[in-house]
Amino acid sequence: MKGTHPGSILKKELIARGIKQKDFAVAIGMPASNLSELIKGKRNVTEGIALKLEKELGIPFQNWMNLQNRYYYVNKCQEAHALPKNMDQEPISSATTMDGLWKIVDSLSVKNKKWLVDRLLLSLSGTKSNVVIAAGLNESTYDTSVHGQ
């Protein structure tokens, strides 16, 4: 079981809109080879790419970043053999699923919680202490234990 890479979503979107990859690469100012790698899952959606996708396709920046972060998360959990049942089938998308998200977070090991906090820090505009505390970690030991591993 693997997470869905945002490149596969982009490929489906381009097909649905009848846009050729080469033309789309030109439209967003990206080399065609880089776009191909993104679509194949060999390259990740960065903030810069997400902004270009939002501008060109009208799909919000945050959706692309959420897809990328979820891909990281699912694969990291799989690597740690901690993937909750049906994780790849039930999207974490709205307030209605927040209880489920916190159950997942609570079930993670401290090491995986630290990894998740690092991912959240990249995509959220909150402070580190708020994210660390929300994940149920001790802020005073977070920095030393993460960077000491």
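Just so you know, these numbers use all the heavy atoms, side chains as well, and skip hydrogens, waters and symmetry mates. Starting from 1, each residue takes its place in the sequence as its number.
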Leu53 CG to Leu38 CG distance, which is reported to the nearest 0.5 Å: 7.0 Å
From Ile49 atom CD1 to Asn44 atom CG, the distance as rounded to the nearest 0.5 Å: 8.5 Å
Within one Ile-Leu-Val-Met-Phe-Trp-Tyr cluster: Met30 and Ile19, side-chain cutoff 4.5 Å: yes
Atom pair CZ/CG of Arg43 and Asn34 - distance to nearest 0.5 Å: 3.5 Å
Derivation of the side-chain contact (heavy atoms from CB on, under 4.5 Å) call for Leu10 and Leu57: CA-CA 10 Å; Leu10 176 59; Leu57 297 174; 3.6 Å; yes
side-chain contact (heavy atoms from CB on, under 4.5 Å) partners of Lys11, counting only residues at least two apart: Ile15, Ile39
From CG (Asn63) to CD1 (Ile9), nearest 0.5 Å: 10.5 Å
Any donor-acceptor pair under 3.5 Å from His5 side chain to Lys42 backbone: no
Test salt bridge (Lys or Arg N to Asp or Glu O under 4.0 Å) applied to Glu56 and Lys52, step by step: CA-CA 6 Å; Glu56 195 62 32; Lys52 291 176 182 182; over 6 Å; no
Closest non-hydrogen atom pair, Gln68 against Pro6: OE1-CG, 3.2 Å
Heavy-atom pair of closest approach, residues Ala32 and Ala25: CA-CB, 3.7 Å
side-chain contact (heavy atoms from CB on, under 4.5 Å) partners of Ala50, counting only residues at least two apart: Val45, Phe61, Trp64, Met65
Side chain proximity check, Val74 to Arg70, heavy atoms < 4.5 angstrom: yes
